[in-house]
Amino acid sequence: MLEARHLRVLRAVAAGGSFSAAARELGCTQPAVSQQMRALETSVGTPLLVRTGREMRLTQAGEALVRHAGGILAGLTAAEEEVAAIAGLRAGRVRLVSFPSGSSTLVPAALAALRAAHPGTQVFLEEAEPPRSVELLRQGDCDVALAFRYEGASGPQDAREWEDLEVRPLLTDRLVGLVPAGHRLAGADRIGIADLADEPWIAGCPRCRGQLVEVCAGAGFTPRIDFATDDYPAVVGLVGAGLGVAVLPQLAVESVRPRGTRTVEIEPAVRREIVALTLPDLARVPAVAATLDELVRAAR
């Protein structure tokens, strides 16, 4: 019979590449990790790891077990939380992953309302951009993920991206242009993105950079990206210093103080769909369901 603690150890060894790395991650000793792995291999009746020098590699059976471990652990968490709620335990734990502009705008209001309604519920917040946030959810490393995708985007950002998940739509966020305060277009209400074709650009996260290049290609040019950073305040600072222009989600602009910059409406309109995601099993966990409800209210 598979045990959750053994699966957690296997995932840690697979991620770290060694027993010592797994021990550091799990906060235990290397012999304890080795013992757990021997017990798991005895349980499944086949080797799961092969030593290659100082590191470990997974056997075919080990790869299969790691692939399923995230869903198994998420299902166990859902079962434990639901049983506790049925038994009358007024407590819960939610691991929330959000992209930065969501963390500073949607999340605070949602968590304040959640704490007021359910003071016993604990929330752990971590930041990650999609698709990493969605990977963490599928791997069982979080319970709720705030994510986004661009309307009409090609590639992996299509309707199938979240088809195995519970999706709660939150809002639609329009992208706006950001230019230095002294820029020739700073006083314009609306511009075409092609008006910025000859400008140096400051780009955001990998998904946002891909969308920027795609939109610019549709307008007939390739942006010259001089700087790239996932940090929105850094983007604003670079634009404010006159080092380039950028296109940012409106939500991101609201999350920082855009000193020395001006926002302008961009045509063609580029929008991103912001959602809260969870696994179908976890959606029935009371604390997770309450968190989703509060995120929807905060978005309204």
Give, for atom [atom1] of [X] and atom [atom2] of [Y], the distance between the pair rounded to the nearest 0.5 Å.
X    : Y    : atom1 : atom2 : answer
Q250 : R271 : CD    : CZ    : 12.0 Å
Y232 : C205 : OH    : SG    : 5.0 Å
I191 : R184 : CD1   : CZ    : 8.0 Å
L114 : Q122 : CG    : CD    : 11.5 Å
L49  : E41  : CG    : CD    : 5.5 Å

**Q.** Qualifying residue, where the test is side chain to side chain contact (heavy atoms under 4.5 Å, CB included) with L248 and the options are L175, T261, I202, V236
**A.** V236
Q: Could you check E214, E151, Q211 and say which one makes a side chain to side chain contact (heavy atoms under 4.5 Å, CB included) with V270?
A: Q211
(Q) Hydrogens and angles aside, do E127 and S103 bring a side-chain donor and acceptor to less than 3.5 Å of each other? (A) yes
Q: Consider only side-chain N and O atoms of R38 and T42, and report whether a donor and an acceptor are under 3.5 Å apart.
A: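 No, because no side-chain N or O of R38 sits under 3.5 Å from a partner of the opposite role on T42.
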Residue pair [X] / [Y]: nearest heavy atoms and the distance that separates them:
X    : Y    : value
L165 : P280 : CA-CD, 4.3 Å
L170 : A299 : O-CB, 3.4 Å
W201 : V247 : CZ3-CG2, 3.5 Å
A147 : V134 : CB-CG2, 4.1 Å

Could you tell me whether the side chain of [X] and the main chain of [Y] form a donor-acceptor pair under 3.5 Å?
X    : Y    : answer
T278 : D143 : yes
R209 : G204 : yes
R11  : Q139 : yes
D173 : L251 : yes
S34  : P31  : no
R8   : L73  : no
T59  : P47  : yes
R95  : G140 : yes

Pairwise side-chain contact, [X] with [Y], heavy-atom cut-off 4.5 Å (strictly under):
X    : Y    : answer
D230 : P206 : yes
R262 : H183 : no
R174 : E265 : yes
V245 : P180 : yes
C28  : V33  : yes
V9   : L40  : no

Q) Is NZ or CZ of R132 both nearer than 6.0 Å to the six-membered ring centre of F99 and within 45° of the ring axis? A) no
Q. When you look at E129 and R272, which way does the salt bridge (charged side-chain N to carboxylate O under 4.0 Å, His left out) test go after all the steps?
A. CA-CA 13 Å; E129 297 276 1; R272 63 177 186 170; 5.7 Å; no
**Q.** T121/R115 under side-chain contact (heavy atoms from CB on, under 4.5 Å): CA gap, chis, key distance, verdict
**A.** CA-CA 7 Å; T121 299; R115 172 168 290 182; over 6 Å; no
Q.
Looking at R297 and E294, is there a salt bridge between them, counting it only when a charged N and a carboxylate O are closer than 4.0 Å?
A. yes
Q | Pair L238-D226, side-chain contact (heavy atoms from CB on, under 4.5 Å): steps then yes or no | A | CA-CA 10 Å; L238 291 167; D226 283 3; over 6 Å; no
Q.
Evaluate D293 against R168 for side-chain contact (heavy atoms from CB on, under 4.5 Å), listing each step before the verdict.
A. CA-CA 9 Å; D293 290 341; R168 290 286 190 94; 3.0 Å; yes
**Q.** CA sep, side-chain torsions, deciding dist, call: L2, L65, side-chain contact (heavy atoms from CB on, under 4.5 Å)
**A.** CA-CA 10 Å; L2 295 176; L65 199 51; 4.0 Å; yes
